[in-house]
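Presented below is the structure to which this report refers.
Atoms within each ligand, like the ligands themselves, are counted from 1 in listed order.
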Amino acid sequence: MKINIVKNNVFLINASNENFEIHPLWLRERAKTEKLVDKHNDQRLYDPSQLDENLKIKKASLENGHLDIEFTDGIKFKYEVNNLLYEIDKKEPIENIVFWNSEISKKPTTIYQENIFETKTMYDSLQNFYKYGFVIFKNVPLEDNFVIKFANSIGTIRPTNFGESFSVKSVPEPNDLAYTSIALTPHTDNPYRKPIPCIQLLHCLENEVKGGLSTLVDGFAVAEYLRKNHKDLFKILTETKVRFRFIDKTIILENWGELIELNENNTVKQVRYSTRLDYVPALEKIKLEKFYKARKLIANLYASKNFEIRFKLEKGDLLMMDNHRLLHGRTAYDPSEGKRYLKGCYIDHDSTEGKLRYLERKFELKWKK
Ligand SMILES: [Fe+2]
């Protein structure tokens with residue numbers, strides 16, 4: 001894609017040569033002189049809806065990757081063509097998703113270092129997070145609340161009714177099965193919340209037991225497998241909204257959603273799965289028959305050795321995982337063997353995306369991909 005000027009009008013030329021003229025107002029509202037935008041925050045100092053709708057381009061020239069324009073209202077501005085094309089292409093700083101299964105050769109891993117949050121290593125780790133849906137940070141300091149510091153250094157922690165953070169260890173009378181020593185089958189966390197927490201951070205502070213292995217499954221890879229091999233069952237899982245519910249002594253939380261939610265362009269947006277908390281509505285028997293068949297199949301796929309990876313979180317490991325994409329679980333363990341203590345919290349996607357864009361700008365990485 002490139003930009004050309006024909007008789008003072010700016011044209012966009014795409015690969016199939018279907019040229020179209022870029023509206024002068026579209027360009028005018030992207031002009032950034034000191035009078036037009038605040039130099040400290042890049043925000044407009046005027047309302048672009050009030051610009052003259054008959055505004056035109058008076059003069060235009062292209063030189064060394066810059067588009068120089070003078071508008072009929074007297075505003076002159078030099079645009080970086082790359083910036084315009086980046087926006088026109090609707091590019092994102094995030095690299096393409098890589099679907100994975102149990103044959104994934106190497107888990108995305110980063111060695112923690114002091115001040116990592118301001119480094120290119122952090123940028124690469126966040127790219128890995130978006131590619132694979134998870135990253136493991138090794139050698140993270142063993143302070144009890146370090147996971148909170150970690151979360152707040154990427155973005156802002158997302159508190160819930162479990163508090164700012166939660167302690168995953170076996171306790172008497174737990175309000176969630178996570179706080180026991182039994183096996184947890186693959187699930188996504190908190191599908192009953194509005195909105196559902198995006199990212200879970202789990203920091204391992206003690207792990208002396210033989211069991212208690214962590215499990216992860218790429219829910220997007222499973223969804224794509226279903227789409228390819230079981231179209232009908234895939235369809236019913238993308239069309240049936242299920243109620244998820246959490247109940248304890250002080251709160252009842254509910255939200256509805258599909259086990260596989262699609263984007264407008266049919267790619268997978270989010271998966272939800274929690275056998276402890278799901279309540280499908282009373283649909284026609286024939287529909288429910290299909291739904292139950294599909295749910296059984298997806299449960300078996302999530303639990304299958306083809307998709308699941310298993311590993312032991314070591315003391316000092318911090319697992320960061322996308323709760324809208326990955327399922328997680330753990331094998332059972334015997335609490336009499338020793339301590340197992342993980343501290344967890346949630347953050348949202350705007351934290352990681354915001355940090356990624358910030359680091360991209362800081363290290364001038366926008367054009368290097
Ligand atoms: Fe969980």
Side-chain angles (χ1 to χ4, degrees), residues 107 129 132-137 147-148 150-151 157-171 173-207 209 211-220 222 242 244-248 251 253-255 257 259-261 270-279 295 298-299 301-303 307-313 317-333 335 340-349 352:
K107 295 190 286 294
F129 168 75
Y132 301 102
F134 74 108
V135 183
I136 299 167
F137 291 87
V147 72
I148 295 171
F150 192 100
I157 207 159
R158 163 88 179 280
T160 68
N161 60 311
F162 294 142
E164 201 180 28
S165 63
F166 45 87
S167 299
V168 185
K169 55 180 159 188
S170 176
V171 295
E173 293 184 39
N175 70 346
D176 193 286
L177 289 179
Y179 312 133
T180 65
S181 59
I182 66 168
L184 295 176
T185 52
H187 63 278
T188 59
D189 265 12
N190 300 189
Y192 46 80
R193 289 190 199 284
K194 288 179 189 174
I196 298 168
C198 303
I199 298 164
Q200 181 174 186
L201 302 175
L202 266 183
H203 185 197
C204 178
L205 294 159
E206 301 277 1
N207 203 355
V209 294
L213 298 181
S214 297
T215 64
L216 290 178
V217 177
D218 183 358
F220 284 13
V222 170
V242 173
F244 294 94
R245 180 194 280 157
F246 171 90
I247 301 172
D248 82 354
I251 199 161
L253 299 165
E254 280 194 7
N255 196 0
L259 298 199
I260 301 173
E261 184 182 344
Q270 179 174 1
V271 293
R272 298 170 175 83
Y273 198 71
S274 188
T275 53
R276 294 175 262 156
L277 308 158
D278 67 324
Y279 299 89
R295 189 179 64 175
I298 205 169
L301 290 169
Y302 284 150
F307 285 102
E308 181 197 77
I309 56 168
R310 262 177 202 208
F311 55 95
K312 184 168 181 177
L313 275 181
D317 286 358
L318 189 149
L319 171 62
M320 174 176 173
M321 56 187 154
D322 190 339
N323 189 48
H324 289 199
R325 171 176 172 188
L326 259 56
L327 292 91
H328 63 280
R330 66 143 191 260
T331 62
Y333 66 95
R340 185 182 190 273
Y341 177 28
L342 312 177
K343 192 101 188 198
C345 68
Y346 300 111
I347 53 175
D348 289 328
H349 282 137
T352 40

* Using distance alone, with no hydrogens and no angle criterion, decide if D322 and H349 have a side-chain donor and acceptor under 3.5 Å apart. => yes
* Asked: Which of these, N190, D189, T185, sits in a side-chain hydrogen bond (donor to acceptor under 3.5 Å, both in side chains) with H187?
  -> D189
* Structure fact -> Distance filter < 2.8 Å from the Fe ion (ligand 1), protein N/O/S hits 3
* Quick one: do F166 and Y346 satisfy ring-ring contact (aromatic ring centres under 6.0 Å, His included)? Show the steps, please. => CA-CA 9 Å; F166 45 87; Y346 300 111; 5.2 Å; yes
* To do: Please determine if R245 forms a cation-pi arrangement with Y279, meaning its NZ or CZ atom is less than 6.0 Å from the six-membered ring centre and no more than 45° off the ring axis.
  => yes
* Distance under 6.0 Å and angle within 45° of ring axis: R193 vs F162 -> yes
* Just jot down the ring-ring contact (aromatic ring centres under 6.0 Å, His included) partners of Y132, sequence neighbours excluded, or say none. => none
